[in-house]
Amino acid sequence: MLSPSHKQKRQMKKILVANRGEIALRIMHTVRKMGITSVAVYSEADRDSPHVLFADEAVCLGPAPSSQSYLNADKIISLAKEMGADGIHPGYGFLSENADFAQQVEEAGIIFIGPGFEAMRIMGSKLAAKECVKKYDIPMVPGIQEAITDINLAKEIANQVGYPVLIKASAGGGGKGMRIVEKEEELESQMERAISEATSSFGDGSVFLEKYIASPRHIEIQVVADKFGNTVHLFERECSIQRRHQKVVEESPSSVLTPELRKKMGDAAVMVARSCSYTNAGTVEFLMDDKMNFYFLEMNTRLQVEHPVTEMITGIDLVEEQIKIARGEKLGFNQDDVSINGHAIELRVYAEDPFNDFLPSTGTLHKYIRPEGENIRVDDGYEEGMSIPVYYDPMIAKLITHGNNRVEAIQTMLQAIRDYKIEGLSTTLPFGTFVFEHDAFVSGKFDTHFINNYYTPEKIKEKQKQHAEIASLIALKYRMEKQKILNVVENKSTNWKHRLMD
Ligand code: MV4
């Protein structure tokens with residue numbers, strides 16, 4: 001039950017950002033823009049990080065490992081109280097989707113800048129989420145919407161929907177606990193393994209069964225909802241380019257959605273949010289099959305890594321909306337007020353070696369020069385000379401470009417990658433070039449198997465060789481031209497000036 005005070009406007013003068021790196025810094029930029037004081041928390045590994053230097057105030061959480069720092073809920077809440085913070089922004093990852101943390105924050109009299117903990121709890125369970133949206137007309141993957149243990153029932157459902165089927169853990173996430181079953185003989189053993197794996201990994205052995213969508217696209221819809229029942233979607237993000245459930249490239253709009261389909265999916269996403277009285281920013285995840293059928297998968301109850309592409313096409317600062325909603329303001333726009341302006345693409349720049357199975361690449365940013373330009377945004381949390389700590393996610397930065405259309409956004413991206421100078425460790429920048437030059441990406445005809453289907457390290461090396469050959473040809477031509485000019489100058493020809501001007 002929401003108490004009346006829940007809807008009252010509340011002051012927020014000081015916000016503690018319970019995160020690190022680029023997202024902490026990105027949140028604090030908006031906090032400052034809104035005239036609010038920012039408090040950084042940091043681990044011993046992050047003492048000199050940009051997010052600490054940027055913040056108005058900063059306080060150490062403890063040793064480097066996340067369990068002793070950014071995941072220490074009690075410490076974060078007690079520090080927030082000590083520092084006089086009246087809001088906590090969790091960013092993404094760490095405690096951001098932890099309903100117990102959100103509840104503890106609220107019970108400490110501090111505003112959690114995110115959804116209500118009840119909605120977080122529902123959406124944190126795939127089965128509870130399905131149960132919640134069931135009474136609305138939202139398409140779901142054929143299968144069973146409840147925990148299943150009875151093997152005979154499982155066989156019946158699998159035969160109804162047809163093989164292959166996918167066993168999923170209700171508490172799973174990011175592809176963990178999923179199993180593809182090709183035929184009936186494998187169903188029983190795979191179910192047993194899935195249940196025991198889910199029990200040991202998540203402390204919840206509930207599993208369910210869905211038809212396996214062979215080559216889906218991952219399309220998600222951004223929503224924002226205030227505490228007065230206004231819910232608006234901010235269009236889609238196409239996130240099909242992933243490796244091992246880690247997104248690498250995201251864009252908005254998707255090149256496959258028609259205006260009709262976009263409206264249908266947007267309306268469905270709004271209904272998903274309404275079904276659990278969702279407030280604040282959230283993302284509704286859909287799978288789309290090769291016949292353009294879409295199915296609700298789950299809802300992410302946080303600000304997502306890839307939120308900048310939505311910001312660039314809508315002009316809306318999502319963190320500002322989150323803060324305004326959390327302090328009890330009404331949304332300043334409705335569905336008819338928002339529209340898509342151009343096209344935006346994001347490349348995640350990881351400290352990983354794309355030539356060596358994307359293994360983490362440790363080292364120091366000996367050289368770190370960002371690309372710059374009107375249509376280029378770099379969200380990062382490191383500076384030249386810093387090393388990337390091994391304790392956390394290896395993402396160095398997000399490179400986002402905008403264009404009047406998709407082709408322009410891609411061209412700007414390719415130039416921005418060329419202008420991005422990182423030395424001292426391997427990054428996924430060359431992999432980005434591979435994606436943005438690939439016919440399947442450029443034509444928009446790709447699905448979640450893009451990397452498995454097309455990528456081998458040799459492919460980038462080939463491309464780099466081609467680029468090197470072209471570069472050396474250009475250099476050769478340049479030397480020849482220069483020599484010609486020098487010859488002319490040496491010959492004291494009278495027309496050398498004109499030749500130089502050509
Ligand atoms: C699926 C699927 C095919 N069929 N469900 C992976 C993570 C989780 N959020 C959902 N996932 C999938 N669910 C059915 N019924 C394929 C995936 C999947 C996937 C989804 C989105 C993006 C990348 C993916 C990579 C592999 C599998």
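Basis for what follows: all heavy atoms, side chains included, without hydrogens, waters or symmetry-related copies. Here the structure is a predicted model, which means the values were calculated and not measured. We count ligands from 1, going down the list as the structure has it; atoms in each ligand are counted the same way.
Among all protein heavy atoms, the one lying closest to atom 14 (C) of ligand 1 is Leu166 CD2, 3.5 Å. Here the protein heavy atom with the shortest distance to atom 10 (C) of ligand 1 is Leu297 CD1, 3.5 Å. For atom 21 (C) of ligand 1, the closest non-hydrogen atom of the protein is His218 ND1, 3.4 Å. Nearest protein heavy-atom contact of atom 26 (C) of ligand 1 is His245 CE1, 3.4 Å. Nearest protein neighbour of atom 8 (C) of ligand 1, counting heavy atoms only, is Glu298 OE2, 4.0 Å. Looking only at protein heavy atoms, the nearest one to atom 7 (C) of ligand 1 is Gly175 N, 3.6 Å.
Checking Val165, Ile451, Leu287 against atom 2 (C) of ligand 1, the nearest heavy atom belongs to Leu287. When the heavy-atom distances from atom 9 (N) of ligand 1 to Arg243, Glu285, Lys126, Glu210 are ranked, the shortest goes to Glu285.
A donor-acceptor contact closer than 3.5 angstrom is absent between the side chains of His218 and Arg237. Counting only N and O atoms by type, the side chains of Tyr391 and Ser69 include no donor and acceptor under 3.5 Å apart. Side-chain polar atoms of Asn72 and Gln68 form no donor-acceptor pair below 3.5 angstrom. At a cut-off of 3.5 Å, with distance as the only test, no side-chain donor of Gln246 or Arg348 sits close to an acceptor on the other residue. For the 3.5 Å distance criterion, the side chains of Gln411 and Gln415 fail to qualify, holding no donor opposite an acceptor.
Note on ring orientation: taking the six-membered ring where Trp is involved, the planes of Tyr454 and His438 are tilted (angle from 30° to 60°).
For Lys211, a nitrogen or oxygen atom sits less than 3.5 Å from a nitrogen or oxygen atom of ligand 1, counting backbone and side chain alike. Where the criterion is an N or O separation shorter than 3.5 Å, residue side chain and backbone included, Tyr212 fails it with respect to ligand 1. Below 3.5 Å of separation, one finds an N or O of Lys168 facing an N or O of ligand 1.
With a heavy-atom cut-off of 4.0 Å, Met178 touches ligand 1 through its side chain alone. When non-hydrogen atoms are compared, ligand 1 lies under 4.0 Å from the backbone of Ile213 as well as from its side chain.
Not one N or O on the side chain of Asp380 forms a donor-acceptor pair closer than 3.5 Å with the backbone of Glu22.
For the atom pair OG1 (Thr401) and CG (Leu347), the distance works out to 9.0 Å, reported to the nearest 0.5 Å.
Near Val141, the atoms of ligand 1 lying under 4.0 angstrom from a non-hydrogen atom of the residue are 15 (N). For ligand 1, the atoms lying closer than 4.0 Å to a non-hydrogen atom of Gln242 are 22 (C), 23 (C).
By the side chain to side chain contact (heavy atoms under 4.5 Å, CB included) test, Leu425 pairs with Ala351, Ser361, Leu365, Ile388, Ile396, Ile422, Thr427, sequence neighbours left out. The side-chain hydrogen bond (donor to acceptor under 3.5 Å, both in side chains) test applied to Ser254 returns Glu238, not counting sequence neighbours.
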